[in-house]
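The structure under discussion appears below in the form of structure tokens.
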Number of protein chains: 2
Amino acid sequence: MECIKDFQQEHKLEMRAVRDSMDVLNGKWKIAVISSICYYNKRRFSDILHDVEGISNKMLSKELKELELNQLIKRTVLDSQPVSVQYELTEHGLSLKTIITNLTVWGIEHRKKIFAT
Amino acid sequence: MECIKDFQQEHKLEMRAVRDSMDVLNGKWKIAVISSICYYNKRRFSDILHDVEGISNKMLSKELKELELNQLIKRTVLDSQPVSVQYELTEHGLSLKTIITNLTVWGIEHRKKIFAT
DNA sequence: CGGGATCCCCATTGATACTG
DNA sequence: CAGTATCAATGGGGATCCCG
């Protein structure tokens with residue numbers, strides 16, 4: 001009896017953790033933006049704009065701002081002419097690398113499966 | 001030169017793979033729904049409805065339908081009275097378990113970090 | 001170049017009620 | 001219990017222009 005309760009309690013915590021993650025990673029583009037920065041280590045605004053197919057500059061700007069607020073990325077203004085801005089993952093952001101990698105692997109497998117059908 | 005091209009080509013493939021994954025997993029609730037089924041192995045409609053806080057039956061129905069179309073979950077009608085429907089992950093859906101686990105772990109860490117700030 | 005501001009539409013979602 | 005149907009609203013996000 002106690003045991004069943006503990007199970008359920010544990011599942012609730014797990015579900016909450018998943019929700020916490022998704023709260024940060026939600027939005028149509030967030031994962032893609034993080035991937036771009038993650039795979040290139042450092043990436044400029046216009047580069048990401050190009051990497052993430054279909055995103056508008058408004059949305060990119062918004063997503064980057066949110067990611068910065070959540071301390072997943074670091075924004076650096078380079079004093080070049082004209083100005084360029086560089087984004088990189090923070091240590092906390094880097095801890096998402098495993099998830100990005102898993103999503104990449106899974107995406108490849110999924111594509112195979114779809115084309116096989 | 002060739003080498004740089006290869007790098008970029010590889011990154012493009014990785015980015016596409018991430019997008020492929022997110023195409024399937026998008027939607028406000030999909031990950032949470034999968035988590036519920038994943039953690040309990042088998043789960044009924046009303047159970048998931050209860051697990052995923054805030055979801056409406058309409059949305060749950062819709063998300064489940066999409067997940068079934070993408071062959072991530074299997075739907076089984078039990079001939080009980082009244083009828084109940086059971087959902088479980090397919091083999092392909094089970095391959096998401098790693099991602100769910102990582103999201104759980106990351107969510108826990110993230111929560112710690114937020115409260116520490 | 002890297003964004004901010006504005007306008008505006010339609011898809012996503014919620015609420016509610018109904019059915020087998 | 002497991003959905004469906006219908007209506008309404010909101011805000012996500014595209015397009016465009018502008019600015020430092």
Side-chain angles (χ1 to χ4, degrees), chain A residues 18-19 22-37 40-90 93, chain B residues 15 18-19 22-37 40-70 72-90 93:
Chain A
V18 172
R19 246 184 297 130
M22 295 317 289
D23 281 348
V24 182
L25 303 176
N26 72 358
K28 196 173 172 180
W29 311 101
K30 220 145 283 173
I31 299 273
V33 170
I34 295 173
S35 302
S36 166
I37 302 174
Y40 286 99
N41 293 321
K42 302 184 177 189
R43 205 74 175 143
R44 288 176 310 144
F45 188 89
S46 50
D47 292 331
I48 305 174
L49 200 58
H50 182 255
D51 289 341
V52 181
E53 225 160 296
I55 195 173
S56 66
N57 58 351
K58 186 181 96 175
M59 287 312 295
L60 179 54
S61 172
K62 187 189 140 207
E63 302 284 45
L64 285 170
K65 210 178 290 176
E66 291 180 21
L67 291 174
E68 199 190 352
L69 268 175
N70 282 308
Q71 305 179 33
L72 296 182
I73 61 175
K74 194 178 114 197
R75 181 177 180 273
T76 314
V77 180
L78 305 175
D79 50 350
S80 54
Q81 199 50 248
V83 172
S84 77
V85 179
Q86 188 175 260
Y87 293 91
E88 56 195 308
L89 295 182
T90 62
Chain B
M15 299 279 304
V18 172
R19 246 183 298 130
M22 295 317 290
D23 281 348
V24 182
L25 303 176
N26 72 359
K28 197 172 172 182
W29 311 100
K30 220 146 284 173
I31 300 272
V33 170
I34 296 174
S35 301
S36 166
I37 302 175
Y40 286 97
N41 294 321
K42 302 185 176 188
R43 205 71 176 143
R44 287 175 312 143
F45 188 89
S46 50
D47 292 331
I48 306 175
L49 199 58
H50 183 256
D51 289 341
V52 181
E53 225 161 295
I55 196 172
S56 66
N57 57 351
K58 186 179 94 176
M59 287 310 297
L60 179 55
S61 173
K62 187 190 141 207
E63 302 284 45
L64 285 170
K65 213 177 289 178
E66 291 180 20
L67 290 175
E68 198 188 353
L69 268 175
N70 283 308
L72 296 182
I73 61 175
K74 195 177 114 197
R75 181 177 180 275
T76 313
V77 181
L78 305 175
D79 51 348
S80 53
Q81 199 52 247
V83 171
S84 77
V85 179
Q86 186 175 260
Y87 293 91
E88 57 194 309
L89 294 182
T90 61

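Numbers restart at 1 for each chain; the letters A, B, ... are given by sequence-line order, proteins then strands.
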* Asked: Taking for each residue the nucleotide of DNA chain C bearing the nearest heavy atom, is the 5' side occupied by B:W29 or by A:P82?
  -> A:P82
* Roughly how many Å is it from CZ in B:R43 to P in D:dC1, rounded to a whole number? -> 13 Å
* Quick one: pull up CD1 in A:I31 and CE in B:M15 and give me the separation to the nearest 0.5 Å. => 11.0 Å
* Asked: Under 4.0 Å between a side-chain N/O of B:Y87 and OP1 or OP2 of D:dC1, yes or no?
  -> no
* To do: May I ask you to evaluate whether A:S56 reaches the phosphate of D:dG14, defined as a side-chain N or O under 4.0 Å from OP1 or OP2?
  => yes
* Asked: Which residue lies toward the 5' end of DNA chain D, B:S46 or B:K58, if each is placed at its nearest nucleotide?
  -> B:S46
* Check A:R43 against A:I48 and note the closest heavy-atom contact, atom names and distance. => CG-CG1, 3.6 Å
* Asked: Whole-Å distance between D:dG13 P and B:K28 NZ?
  -> 12 Å
* Using whole Å, report how far CD of B:E63 lies from C1' of D:dT4. => 16 Å
* Asked: To the nearest Å, how far apart are B:Q81 CD and C:dG20 P?
  -> 15 Å
* Rounded distance (Å) that lies between atom P of C:dT13 and atom CG of A:N26 -> 11 Å
* side-chain N/O A:S61 vs C:dG4 OP1/OP2, d < 4.0 Å -> yes
* Can you find a side chain N or O atom of A:R44 that sits less than 4.0 Å from OP1 or OP2 on C:dG3? -> no
* To do: Return the minimal non-hydrogen interatomic distance between A:E53 and A:W29, and the atom names on each side.
  => O-CZ3, 3.5 Å
* To do: Using whole Å, report how far CD of A:E53 lies from P of D:dG13.
  => 17 Å
* Within the structure, does a side-chain N or O atom of B:K62 lie under 4.0 Å from either OP1 or OP2 of C:dT12? -> no
* Structure fact -> Of B:L64 and A:G27, the one whose nearest nucleotide on DNA chain D sits closer to the 5' end is B:L64
* Asked: Can you check the A:M59 CE to C:dT6 P distance for me, whole Å?
  -> 18 Å
* Has B:R75 got a side-chain N or O lying under 4.0 Å from the OP1 or OP2 atom of D:dA2? -> no
* Asked: Can you name the closest pair of heavy atoms from B:L60 and B:F45 and give their distance?
  -> CD2-O, 3.5 Å
* Structure fact -> Of all heavy-atom pairs linking B:I55 and B:V33, the shortest is CD1-CG2, 4.3 Å
* Asked: Atom CG of A:N57 to atom P of D:dT16: distance rounded to whole Å?
  -> 12 Å
